[in-house]
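All residue numbers refer to positions in the sequence shown, counting from 1.
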Amino acid sequence: MLDANLKVLLIIEQCNPDWPSVPLVGYRYYEEMSRLAQTTLVTHARNQAALEKKHPDRDMTYIAESEAMQRYYKLAARLTTPKGKVIWPLYNALNYPIYAEFNELVYQGFKDRVLEGEFDIVHAITPMMPRYPVKLMEACQNTPFVLGPVNGGVPFPPGFDGVARQEFAYFNFLRLVGRHVIPGYRTTYQNADRILAGSTYTLNLIQDLFQIEDQRIELFYENGITPDFLREPKDRLKPHSDRIHLLFVGRLVPYKGADMLIDAIREVNPETRAKLHLTIVGDGSERAGLEAKVMEFHLQDQVRFAGWVPQHQTLEYYRKADIFCFPSVREFGGAVVMEAMASGLPCIVVNNGGIGEYVTEGTGFKIDPLSRAAVVQELQHRIQQLVEDDQLRQSMSTKAFEKAREFVWETKAQRMMDIYDGLLGRTSRQGEPVRC
C-alpha cells in the first residue's frame, strides 16, 4: 500500500528496464519502492526513453552529460576494449569522470530541496560498486541518507591466478588509488546513516576500511527475482525425458567457469554421463574455445550451446532443467542463482562471493575454490550425486524454492521500507517499532 506521507529521493544513475545487469536491478528497486512510497527518481538521461515508455507520468529528473563527456566516453571505450574484450578494471576507472559530472549535477539540482526538508529519505542505489561518493549527502543535515546495496571488491581465489590475469586483475590497484584521491569517497561511507552491503565480504571490507559501526551497516543482497520465476517444485519435477537436465546461464568469460563444468562432465562415469544433458545459455569471448573442448572430449551428445537469450526467455530454460551448475569463481551478485532456486533447481556453485551465501545446506552444494583441479573434481562428484539420487534432488528442489521466496522484489522493497521507518523513528507496517 502506498504511504503518501513518506517522500523518498532515489538516486539511481543506472536505472533502465530494457538493459540487463545493474541498470535492470536499479529499475527493479525503483519500480517496487514507488508502489510503497512517494518517490522522486533522479537518473541519467540515457535511461529517459525506456523509463518514459514505462512511466510517462512519474516524477523523474534526467541528468544529461555534457558534450565533452560524450567525447570522453567514446575515447575511454576505445582504450578499454581492445580486440572487443572489455578490460573492466580499467573501464571502471576511466569512466569515473562521467559519474563525477553526474554526481555534481545531482548535488546542484537537489541540494536546496534536501536542505529545505522536502524529502524524508535520500537513498543512493546505483552505481553499486563500493567506490563512488555521493555529494548530495552533504545536504542531508536533517535527512537520513541511505547508501546501497553496494557490492564488489571480491578477490580472485589464490588458486586462480591464470583466470585473474585473463580478467586483467592487475589493474585492480586502481581501486586503491581511487580510495585516496576521489573527493568525498571516505566521507560518504563514514557519514551515511545506513549502508547496505550486498555480500558478507563487502560488508566486512567496508567496515574495515571506514571503521563503520555495526548499527550503521547491514547485509542486503542487491539482486532479486520477479514472481514469474517462482514455480512449485512438484510441477517442475515431472520428468521431461529420460535424461537429467543440467543448466548453466551466464556470460562465457574465463571467471564464470563454464570450462570447468565441461571438464567435470567429462570426468563423470560413463553410465551416469549417459543420463545427463547440459545446456549452456550465454555467449562471450570463450565460446569458441568451449565448443572446441566439447568436440575434443566427444561430448556433443551431452552438451548444447543455446547462445545468448533475452533475460525473460531464460525462464523456459530454468523450467526445463533439473540441476543448476554455476562454478563462477568471483561472483558479486549472481542473480541467475536466485532465479534457478526460484525455479526449484538444486544449485552447485563455487563458494566465493554472494552466490555462496544464497545457497544453503539443503538447497545445493558450495565448492571451496582451493584450485581449478579441486573445483573440477568436486563438480564431478556433486553432479554425479544429484543425477543418481532422485530423492536428494527432489528434497533440494523443494528447499531451494522455499529459500527463493526471500529474494522476491516485493519482499525486498518491504524490508527497505522498514529500514526507512527505523531511521525516521516510525513504527513498522505491522504496527511494531522498527529496530534500526
Side-chain angles (χ1 to χ4, degrees), residues 1-12 15 22 25-42 58-59 114 117-126 128 130 134 136-137 140 142-151 188-189 191-200 202-204 206-207 212-227 229-230 333 335 338 341-342 354 357-358 360 402-436:
M1 180 180 296
L2 178 68
D3 183 349
N5 295 317
L6 179 59
K7 297 179 174 59
V8 182
L9 175 62
L10 294 175
I11 305 171
I12 314 180
C15 181
V22 173
V25 171
Y27 173 73
R28 295 293 188 206
Y29 277 105
Y30 167 73
E31 182 182 42
E32 292 299 329
M33 292 162 65
S34 63
R35 293 172 178 159
L36 301 176
Q38 292 280 13
T39 55
T40 297
L41 172 67
V42 55
R58 294 280 182 88
D59 185 1
V114 173
E118 181 176 337
F119 306 102
D120 300 301
I121 294 282
V122 174
H123 185 173
I125 296 180
T126 71
M128 287 184 167
V134 181
L136 189 61
M137 191 195 65
C140 294
N142 298 299
T143 304
F145 173 75
V146 180
L147 179 65
V150 292
N151 202 6
T188 295
Y189 282 86
N191 297 332
D193 294 282
R194 180 56 52 91
I195 301 169
L196 308 177
S199 68
T200 299
T202 302
L203 187 150
N204 292 333
I206 292 170
Q207 282 198 295
I212 305 296
E213 306 92 340
D214 288 346
Q215 65 269 23
R216 288 204 297 120
I217 190 168
E218 69 176 84
L219 187 63
F220 195 107
Y221 301 130
E222 80 270 27
N223 278 304
I225 53 173
T226 53
F229 276 92
L230 288 170
M338 290 184 177
M341 293 174 71
E357 299 178 45
Y358 309 156
T360 58
E402 291 302 323
K403 177 68 176 176
R405 291 181 183 274
E406 300 175 13
F407 307 137
V408 175
W409 282 112
E410 182 180 358
T411 301
K412 294 170 73 71
Q414 289 286 354
R415 172 58 191 146
M416 198 73 80
M417 294 302 116
D418 286 344
I419 291 170
Y420 294 168
D421 289 340
L423 290 170
L424 295 169
R426 297 161 43 144
T427 57
S428 73
R429 310 289 149 139
Q430 290 73 39
E432 300 174 356
V434 174
R435 181 184 64 81
C436 204

Identify the two heavy atoms, one from [X] and one from [Y], that lie closest to each other, and give their separation to 0.1 Å.
| X | Y | result |
| --- | --- | --- |
| Ala404 | Met338 | CB-O, 4.4 Å |
| Ala197 | Thr202 | CB-C, 4.4 Å |
| Thr188 | Met137 | O-SD, 3.4 Å |
| Leu203 | Leu219 | CD1-N, 3.6 Å |
| Asn151 | Ser199 | OD1-OG, 2.9 Å |
| Trp409 | Glu222 | CH2-O, 3.4 Å |

Between [atom1] of [X] and [atom2] of [Y], what distance do you get to the nearest 0.5 Å?
| X | Y | atom1 | atom2 | result |
| --- | --- | --- | --- | --- |
| Tyr27 | Ser34 | OH | OG | 7.5 Å |
| Ile206 | Ile217 | CD1 | CD1 | 4.5 Å |
| Arg28 | Thr226 | CZ | OG1 | 5.5 Å |
| Gln38 | Asn5 | CD | CG | 8.5 Å |

Is there a side-chain contact between [X] and [Y], using heavy atoms and a 4.5 Å cut-off?
| X | Y | answer |
| --- | --- | --- |
| Tyr189 | Leu147 | yes |
| Leu6 | Leu424 | yes |
| Glu218 | Leu196 | yes |
| Leu9 | Leu136 | yes |
| Arg194 | Pro144 | no |
| Tyr221 | Glu406 | no |

Sub-3.5 Å donor-acceptor pair from the side chain of [X] to the main-chain atoms of [Y], do we have one?
| X | Y | result |
| --- | --- | --- |
| Arg216 | Ile195 | no |
| Asp3 | Leu36 | no |
| Lys412 | Asn223 | yes |

Problem set entry | Phe145: partners by ring pair (Phe, Tyr, Trp, His ring centres under 6.0 Å), with sequence neighbours left out | none
For this session: Using the test salt bridge (charged side-chain N to carboxylate O under 4.0 Å, His left out), find all partners of Glu402 that sit at least two apart in sequence or belong to another chain.
Result: Arg405
For this session: Could you please spell out the steps behind the side chain to side chain contact (heavy atoms under 4.5 Å, CB included) verdict for Ile125 and Met33?
Result: CA-CA 12 Å; Ile125 296 180; Met33 292 162 65; 4.3 Å; yes
For this session: Apply side chain to side chain contact (heavy atoms under 4.5 Å, CB included) to the pair Ile225 and Met341, showing each step before the final yes or no.
Result: CA-CA 10 Å; Ile225 53 173; Met341 293 174 71; over 6 Å; no
Exercise. Can Val146 and Tyr420 be said to form a side chain to side chain contact (heavy atoms under 4.5 Å, CB included), step by step?
Worked result: CA-CA 9 Å; Val146 180; Tyr420 294 168; 4.2 Å; yes
Problem set entry | Donor + acceptor pair across side chains of His123, Tyr29 (<3.5 Å) | no
For this session: Using a cut-off of 6.0 Å, state whether more than 12 heavy atoms not belonging to Glu118 lie near its atom CD.
Result: yes
For this session: Let me know which of Val25, Thr126, Leu10 forms a side chain to side chain contact (heavy atoms under 4.5 Å, CB included) with Tyr30.
Result: Leu10
Exercise. Going through the distances and angles, do Arg58 and Leu41 end up as a side chain to side chain contact (heavy atoms under 4.5 Å, CB included)?
Worked result: CA-CA 9 Å; Arg58 294 280 182 88; Leu41 172 67; over 6 Å; no
